4 protein chains.
Amino acid sequence: MISLNYRDSRPIYEQIRDELRKLVVSGAIAADEKLPSVRALAAQLAINPNTIQRAYNQLESEGYVYSVPGKGSFAAVMDDAVAARKKELLEQVGELLRELRSLGATAEELVAFTQAVTGKEERHD
Amino acid sequence: MISLNYRDSRPIYEQIRDELRKLVVSGAIAADEKLPSVRALAAQLAINPNTIQRAYNQLESEGYVYSVPGKGSFAAVMDDAVAARKKELLEQVGELLRELRSLGATAEELVAFTQAVTGKEERHD
Amino acid sequence: MISLNYRDSRPIYEQIRDELRKLVVSGAIAADEKLPSVRALAAQLAINPNTIQRAYNQLESEGYVYSVPGKGSFAAVMDDAVAARKKELLEQVGELLRELRSLGATAEELVAFTQAVTGKEERHD
Amino acid sequence: MISLNYRDSRPIYEQIRDELRKLVVSGAIAADEKLPSVRALAAQLAINPNTIQRAYNQLESEGYVYSVPGKGSFAAVMDDAVAARKKELLEQVGELLRELRSLGATAEELVAFTQAVTGKEERHD
DNA sequence: GTGGTCTAGACCACG
DNA sequence: GTGGTCTAGACCACA
């Protein structure tokens, strides 16, 4: 369900956080569905439970997850969270596109690229 | 000419490196034009010269700058470096677009966004 | 494991970088094997940890090593890196051979020299 | 007669020294032939005479040149100097070949390379 | 304990 | 004055 890359420059807890966020926000883990327990995930990935806990804490403070003490962690209802994440991603895309323009890339070129990438992708839902 | 953001998670030397790379690759600093000296830039930004040196070293090893000991650092002639940088940026854009698609963004929506961003930009020449 | 030569014109961090690169690329340090820690190597060689760090940073940016903060530095899997290094070395040999030819050395003489050097070497496997 | 490359990592005086040494040792400047005067060469290359002087001083201390105060600098008789230079170059080649062997290059491969490089070269005398 | 970043201050080679 | 190297010492995030 989750894979680690020790050569990634990102710390492990960020890799876990980012992968879980993707799963929740994309609906792969449905609203109110239970996430794997800290200890179970730690055992599966063969890492320290503290590292998993840190990822869960961040996801909770970001609003993607809520935890019920003694029960576990559950995917939050995604409505404005998805919208917020989309806005965040669009800002990043915008910044990159602006730099590309300043490097001489034409609007046509970039639009064509966007069409190619977004069109050929398979639907994930 | 360069601004620092101490709240940015990126280390200072990376911020400087990235900003200078933009200036060189976009032509704002022309080929063979002299960059500010290590000491001058360090004084202006009120940081340690070693930190500037580190940014300059990386830019040199990346090929964006060449330095002549005793004379200064100069912008390299950008040919394939611009192309390489564009490819790098496009890859990043592609990755973000794919995540946006998986969040439910439609191809039409993203293409329209690209048009809006790239079209409304002023010409830089 | 590594020896320094203070009379060498090359800076210390380059000597360390070059020796470690040899160890990694020759397989003396196997893929994913841990390199000595920055502090340990610094203590052993009686030099500043920053100098070691610099060598490690360059090796990482060259792709010969990957580092996991908090865990250590590890030898990268060498595939095309070895090929690239061989090409680099052959270019250097070619340049030297051309200068030798211009000094009057005959092709036969140089070929014989190559045979002597490459033949008398012990096998490393 | 001599060309400078400001992007070369070698300092200018080394570039001049190396090029002049090649000219002398290869016979392009015959024994006892006068080298260009310090001031003339400085003017031609548009650099500081001190830089030229340093190159000449090193060539003299290496024995490739002798200077007659008030007259100029002259190419020394090359006999053992050429032999010494050849020995130096062969040592460098040997070191590189050994590293290539440790990277898995076969003796046959390297001999073939030597033949190709030394054979296809045009005669320079 | 590990790698990573930064500072302060020094010395060197170069032009 | 310029870039380049090195030291000593400090702090941080990570596991």
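Computed from a predicted structure; not experimentally measured. Every chain is numbered from 1 and lettered A, B, ... according to where its sequence line falls, protein lines coming before strand lines.
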Handout entry: Residue pair Ile12(D) / Asn48(D), side-chain heavy-atom distance below 4.5 Å
Key = no
Counting only side-chain nitrogens and oxygens, does [X] get under 4.0 Å of the OP1 or OP2 atom of [N]?
{"X": "Tyr13(D)", "N": "dG15(E)", "answer": "no"}
{"X": "Gln53(C)", "N": "dG4(E)", "answer": "yes"}
{"X": "Arg54(D)", "N": "dC14(E)", "answer": "yes"}
{"X": "Ser73(B)", "N": "dT2(F)", "answer": "no"}
{"X": "Ser37(B)", "N": "dT2(F)", "answer": "yes"}
{"X": "Ser67(B)", "N": "dG4(F)", "answer": "yes"}

Problem - For dC6(F), the Watson-Crick or wobble counterpart (both distances under 3.5 Å) - result: dG9(E)
Problem - Pairing partner of dG1(E) (Watson-Crick or G-U wobble, both distances under 3.5 Å) - result: dC14(F)
Completion exercise
Of Gly70(C) and Lys34(B), the one whose closest nucleotide on DNA chain F sits nearer the 5' end is Lys34(B)
Problem - First of Pro36(B) and Pro49(C) reached from the 5' end of DNA chain F, by closest nucleotide - result: Pro36(B)
Completion exercise
Looking only at dA8(E), dT7(F), dT5(E), the nucleotide nearest the Asn48(C) side chain is dT7(F)
Practice task
Examine the base of dG3(F) for any acceptor or donor lying under 3.5 Å from a partner atom in the side chain of Arg39(B), and report the outcome as yes or no.
Solution key: yes
Problem - Donor-acceptor pair present, Asn50(B) side chain and dG3(F) base, under 3.5 Å - result: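 Checked by distance alone, the answer is no.
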Handout entry: Pairwise 5' ranking along DNA chain E for Tyr56(C) and Ile12(B), keeping only the more 5' one
Key =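 Of the two residues, Tyr56(C) wins.
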Completion exercise
Residue pair Lys71(B)/Glu14(B) against DNA chain E: nearer the 5' end by closest nucleotide is Glu14(B)
Practice task
Please work out if Glu60(C) contacts a base, only the sugar-phosphate, or nothing of the nucleic acid, heavy-atom cut-off 4.0 Å.
Solution key: sugar-phosphate
Practice task
Would you indicate whether Lys86(C), at its atom NZ, is surrounded by more than 12 heavy atoms from other residues, nucleotides or ligands within a distance under 6.0 Å?
Solution key: yes
Problem - Over 12 foreign heavy atoms within 6.0 Å of CZ, Arg39(D) - result: no
Exercise for the section: Check each of Ile16(D), Asn57(D), Leu20(D) against Ile52(D) using the side chain to side chain contact (heavy atoms under 4.5 Å, CB included) test, and report the only one that passes. Expected result: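 Of the listed residues Ile16(D), Asn57(D), Leu20(D), the side chain to side chain contact (heavy atoms under 4.5 Å, CB included) partner of Ile52(D) is Ile16(D).
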Exercise for the section: Decide, yes or no, whether a salt bridge links Arg98(B) with Glu95(B) under the criterion of side-chain N to carboxylate O below 4.0 Å. Expected result: no
